[in-house]
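What you see is a predicted model, and the numbers here were worked out from it, not measured in a lab.
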Amino acid sequence: TITGAASLLVEGKERLAANHQKELAESILDEADRLNRLVANLLDMTRLEAGAITARREPVELDEAIGSALRRTGRLLAAHRVSVELPADLPLLDLDPVLFEQVLVNLLDNAIKFTPAGGQVAVRLLHGARGAQIDIVDSGPGIVENERSAVLERYYRGGGDLYLPGYGLGLSIVMAIIRLHDFR
């Protein structure tokens, strides 16, 4: 996609309408972003499996981490209705801010991928005496019962739609980071 769109821009720019040029440039940007996420996920999974990543824990403001993850996925979220529900008295959590943001980005990316355009993606935070829970909920079709544990495994792609982008790494990286932090 990147090569085709770039070739059209380079070779036929004079013959293309401005709106078509913009669409091609946006396509290049979207696909380059997707490729960048894929390479980053492959590298992260390799490092996590090799034990080369350690959690550098520090107090993290959850609203800032969630906001940063939403900004990183903003272009993809633009086609969806997004809501964020955060209580006023957010606790600081002791975790690795970079890895935690990656967890949020991967979960958002997964929600976006399986939610039709115009659908709802919600980020909700609950906290109490037992700890904090972050829910990322979407209005997609959901995960069928017999795939619920499999979607957390590396290279497994659920949903039965082979045409959706992805390689089945996002949720397995989430699980590896959660295990690294020893979350429950």
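Among all heavy-atom pairs drawn from L8 and L16, the shortest one is O-CD1, 3.6 Å. Here the closest non-hydrogen pair linking A5 and I28 is CB-CG1, 3.5 Å. Of all non-hydrogen atoms in A69 and L104, the two that sit nearest each other are CB-CB, 3.6 Å. P97 approaches R56 most closely through the heavy-atom pair CD-O, 3.8 Å. In plain terms, the two heavy atoms of L93 and A132 that are nearest each other are CD1-CB, 4.1 Å. For the residue pair V123 and I134, the shortest heavy atom distance occurs at CG1-CG2, 4.5 Å.
Summarising the geometry, atom CG belonging to D94 is positioned 12.0 Å from atom CZ belonging to F100; distances are rounded to the nearest 0.5 Å. The structure places CG of L125 at 5.5 Å from CG of L62, a figure rounded to the nearest 0.5 Å. Separating the OG1 atom in T115 from the CG atom in L77 is a distance of 9.5 Å, to the nearest 0.5 Å. Atom CG in L108 sits 4.0 Å away from atom CD1 in I136 (nearest 0.5 Å). Distance check, rounded to the nearest 0.5 Å: CG of L95 to CD1 of I178 gives 11.0 Å. Rounded to the nearest 0.5 Å, atoms CG (L171) and CG (N110) are 4.0 Å apart.
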>> Using the rule given for side-chain contact (heavy atoms from CB on, under 4.5 Å), can you reason through V103 versus L107, listing the C-alpha separation, both sets of side-chain angles and the distance that settles it, and then say yes or no?
In response: CA-CA 6 Å; V103 164; L107 291 172; 3.9 Å; yes

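When only modelled atom types and interatomic distance are considered, N106 and Q102 share a side-chain donor-acceptor pair under 3.5 Å. Under 3.5 Å, the side chains of T1 and E31 contain no donor-acceptor pair of N or O atoms.
Remark: E145 pairs with R148 by the side chain to side chain contact (heavy atoms under 4.5 Å, CB included) rule, at least two apart or across chains. By the ring-ring contact (aromatic ring centres under 6.0 Å, His included) test, H181 pairs with F183, sequence neighbours left out. Qualifying salt bridge (charged side-chain N to carboxylate O under 4.0 Å, His left out) partners for D30, counting only residues two or more places apart in sequence or in other chains: R75. Remark: R47 engages D44 in a salt bridge (charged side-chain N to carboxylate O under 4.0 Å, His left out) (not counting sequence neighbours). E61 is linked by a side chain to side chain contact (heavy atoms under 4.5 Å, CB included) to D63, E64, L92, counting only residues two or more places apart in sequence or in another chain. Shown here are the side chain to side chain contact (heavy atoms under 4.5 Å, CB included) partners of R124, two or more places apart in sequence or in another chain: E85, A122, D135, V137.
Neither F114 nor V105 shares a network with the other; the hydrophobic side chains, linked directly or stepwise wherever heavy atoms of I, L, V, M, F, W or Y lie under 4.5 Å apart, form separate groups for each. No single ILVMFWY cluster, assembled from side-chain heavy atoms under 4.5 Å apart, contains both V60 and V98.
A donor-acceptor pair is defined here as one N or O able to donate and one able to accept, closer than 3.5 Å; such a pair exists between the side chain of R81 and the backbone of G118. Between the side chain of T46 and the backbone N or O of L42, at least one donor-acceptor pair lies under 3.5 Å. Between the side chain of H127 and the backbone N or O of P87 there is no donor-acceptor pair closer than 3.5 Å.
Between S172 and M175 the shortest side-chain heavy-atom distance does not fall below 4.5 Å.
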